[in-house]
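Below is one structure, written out as structure tokens; comments come after it.
Please read all numbers here as calculations on a predicted model, not as lab measurements. Values below: all heavy atoms of this structure, side chains included; hydrogens, waters and symmetry mates excluded.
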Amino acid sequence: MRKLPVSCFIISKNEADRIARTIRSVRSWVDEVVVVDSESTDDTVAVALAEGCRVITQPWLGFGGQKRFAEEACRNDWLFNIDADEVVTDDLQREISAVFAAGDPEFVAYGMPLQMVYPGSTQPRPWPRDHWYIRLYNRRFVRFRHSNVHDSVVTDGYDVGKFNSPMHHFSMRSFADMKRKLDERTWLQVANARPSSVGVLSVRLVSEYPMNFFKYYVIRRHFTGGVKGFRYAAIQARFRFLKVYRIWRLSIQDMKVPRAPSHAV
């Protein structure tokens, strides 16, 4: 297979049990695979090296910061970012190869759907509607946002191409693992949240759970996933509610902190 002038980069930490599958879905058709590892304590580095990757150890810089560091470590301007729990499908690989067939691609960035795969399953649920992300792009024009919380590519008004074929996202080793990850991410979002009024937060405490359950179960079609889909939607809604509750609780505590009296001149 002809390799494309593309560097694939992956950020990782403690992904030894699944990163090989991710690497194998890209290594035959990209020019290089770069793994930026944030001090894993398992065999992630050894697995990545055994799969032929270039591995760089970099202490955690935040989601955006870590990916921007990885961007700089690549030797090509065309970059393809995948996470250590994602797998490129054969159909998506063919679509990506097609845009390079005549030389430089038409657009400076391309997005694609990511389809969730439940724990214990090998394929997404029927009729999925999960996420859509920009993951293939030319770093001379667009880059990842420098953010602790968000890891999205900023397109700065450039037109974006779209692939129809998906990547598969094996984000959860189990539902317990899903809860752990959401709890960590929620606290990070709370720490980086913008100030909001207690009144607005109080209203959201009432509406956050039912609105998010409807969003995940109906709009994102987890109702097609049976019991696992119901459980997924319920967990997502719970942690969306917990984020608002934790911000609300901190806001209440801030209101109770006595302020030093002002002194007239």
Side-chain angles (χ1 to χ4, degrees), residues 10-19 22 38-42 44 60-67 81-87 113-121 124-125 128-133 135 144-145 147-152 166-194 196 200-251:
I10 305 167
I11 65 170
S12 66
K13 183 170 184 178
N14 296 334
E15 300 284 359
D17 60 326
R18 54 189 182 179
I19 196 171
T22 298
S38 54
E39 302 175 304
S40 290
T41 56
D42 65 1
T44 299
W60 185 243
L61 299 170
F63 285 97
Q66 199 79 351
K67 290 195 174 184
N81 170 236
I82 57 175
D83 289 342
D85 56 5
E86 296 169 351
V87 173
L114 266 70
Q115 295 178 352
M116 174 71 59
V117 180
Y118 298 133
S121 301
R125 67 196 181 279
R129 185 186 176 188
D130 292 316
H131 301 283
W132 190 91
Y133 290 121
R135 292 295 187 83
F144 265 92
R145 184 188 307 277
S147 167
N148 287 333
V149 181
H150 304 291
D151 55 345
S152 56
M167 280 200 289
H168 290 170
H169 192 193
F170 296 83
S171 68
M172 304 172 289
R173 294 176 173 93
S174 64
F175 281 105
D177 180 57
M178 176 186 176
K179 292 176 184 177
R180 177 192 59 80
K181 290 171 65 175
L182 286 174
D183 192 50
E184 291 177 356
R185 191 69 179 258
T186 296
W187 279 118
L188 181 62
Q189 291 170 339
V190 169
N192 289 273
R194 295 179 179 179
S196 186
V200 170
L201 291 169
S202 298
V203 172
R204 290 185 63 185
L205 284 175
V206 177
S207 62
E208 201 72 10
Y209 185 95
M211 285 180 60
N212 277 284
F213 183 83
F214 182 83
K215 169 186 171 182
Y216 283 97
Y217 194 64
V218 178
I219 296 177
R220 292 197 175 171
R221 303 171 185 162
H222 283 277
F223 65 87
T224 68
V227 174
K228 288 181 178 179
F230 182 91
R231 190 174 182 185
Y232 180 89
I235 293 171
Q236 284 284 5
R238 175 173 176 250
F239 279 94
R240 295 283 179 149
F241 165 81
L242 278 176
K243 182 184 75 170
V244 176
Y245 171 74
R246 288 165 177 171
I247 297 172
W248 172 82
R249 187 174 62 184
L250 290 173
S251 299

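- In this structure, CG in Leu242 is found 9.0 Å from CZ in Arg249, a value given to the nearest 0.5 Å.
- Ring planes of His131 and Tyr133: parallel class, angle under 30° (limits at 30 and 60°).
- Expressed to the nearest 0.5 Å, how far CD1 of Ile219 lies from CE of Met211 amounts to 8.5 Å.
- Under 4.0 Å is where a charged nitrogen must lie from a carboxylate oxygen, and between Asp83 and Arg135 at least one such pair does.
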Evaluate the side chain to side chain contact (heavy atoms under 4.5 Å, CB included) criterion for residues Ser171 and Met178: first the C-alpha distance (whole Å), next the side-chain angles of each, then the deciding distance (0.1 Å), finally the verdict. CA-CA 8 Å; Ser171 68; Met178 176 186 176; over 6 Å; no

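- Remark: side-chain polar atoms of Ser251 are paired, donor with acceptor, to backbone N or O of Ile247 under 3.5 angstrom.
- Between His222 and Tyr118, the gap from one ring centroid to the other is short of 6.0 Å.
- Counting all heavy atoms, side chain and backbone alike, Thr44 lies closest to Ser12 at CG2-OG, 3.6 Å.
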Verdict with supporting geometry, Phe239 and Lys179, side chain to side chain contact (heavy atoms under 4.5 Å, CB included): CA-CA 8 Å; Phe239 279 94; Lys179 292 176 184 177; 4.1 Å; yes

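- Shown here for Lys228 and Pro119, the closest heavy-atom pair between the two residues is NZ-O, 2.7 Å.
- In this structure, Thr22 and Asp85 have side chains that are not in contact, with every pair of non-hydrogen atoms separated by 4.5 Å or more.
- When side chains are defined from C-beta on, Val244 does not count as touching Arg240, because their heavy atoms never get closer than 4.5 Å.
- In terms of the side chain to side chain donor-acceptor pair (under 3.5 Å) criterion, residue partners of Glu15 (sequence neighbours excluded) are, by chain and number, Arg18, Arg173.
- Atom-to-atom distance recorded for Gln115:CD and Phe170:CZ is 10.5 Å, nearest 0.5 angstrom.
- The side-chain heavy atoms of Lys181 and Met172, taken from C-beta on, include no pair separated by under 4.5 Å.
- Rounding to the nearest 0.5 Å gives a distance of 8.5 Å between CD1 of Ile10 and CG of Asn81.
- Partner Asp130 forms a salt bridge (charged side-chain N to carboxylate O under 4.0 Å, His left out) with one of Arg125, Arg221, Lys215 and no other, that one being Arg125.
- Between Met116 and Pro124 there is no side-chain heavy-atom pair separated by less than 4.5 Å.
- When all heavy atoms of Arg220 and Arg129 are compared, the closest pair comes out as CB-O, 3.2 Å.
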Given side chain to side chain contact (heavy atoms under 4.5 Å, CB included), test Arg145 with Asp151 step by step and report yes or no. CA-CA 6 Å; Arg145 184 188 307 277; Asp151 55 345; over 6 Å; no

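- Looking only at side-chain heavy atoms (C-beta outward), Ser152 and Phe144 stay at 4.5 Å or farther from each other.
- Arg246 forms a cation-pi arrangement with Trp187, by the criterion of a distance under 6.0 Å to the ring centre and an angle within 45° of the ring axis.
- Looking at heavy atoms from C-beta onward, Phe175 lies in side-chain contact with Arg231 at the 4.5 angstrom threshold.
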Does the pair Phe230 and Phe213 meet the rule for a ring pair (Phe, Tyr, Trp, His ring centres under 6.0 Å), with working shown? CA-CA 9 Å; Phe230 182 91; Phe213 183 83; 5.4 Å; yes

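- Counting only heavy atoms from C-beta outward, the side chains of Phe63 and Leu188 approach each other to under 4.5 Å.
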Start with the C-alpha distance between Asp183 and Arg180, add both sets of side-chain angles, then the distance that settles salt bridge (Lys or Arg N to Asp or Glu O under 4.0 Å), and finish with yes or no. CA-CA 5 Å; Asp183 192 50; Arg180 177 192 59 80; over 6 Å; no

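- Of the possible polar contacts, one joining the Gln66 side chain to the Leu61 backbone as a donor-acceptor pair under 3.5 Å is found.
- Inter-residue side-chain proximity for Phe241 and Arg238 is flagged as unmet; no heavy-atom pair is nearer than 4.5 Å.
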Let me see the working for Tyr217 and Asn212 under side chain to side chain contact (heavy atoms under 4.5 Å, CB included), right down to the final yes or no. CA-CA 8 Å; Tyr217 194 64; Asn212 277 284; over 6 Å; no

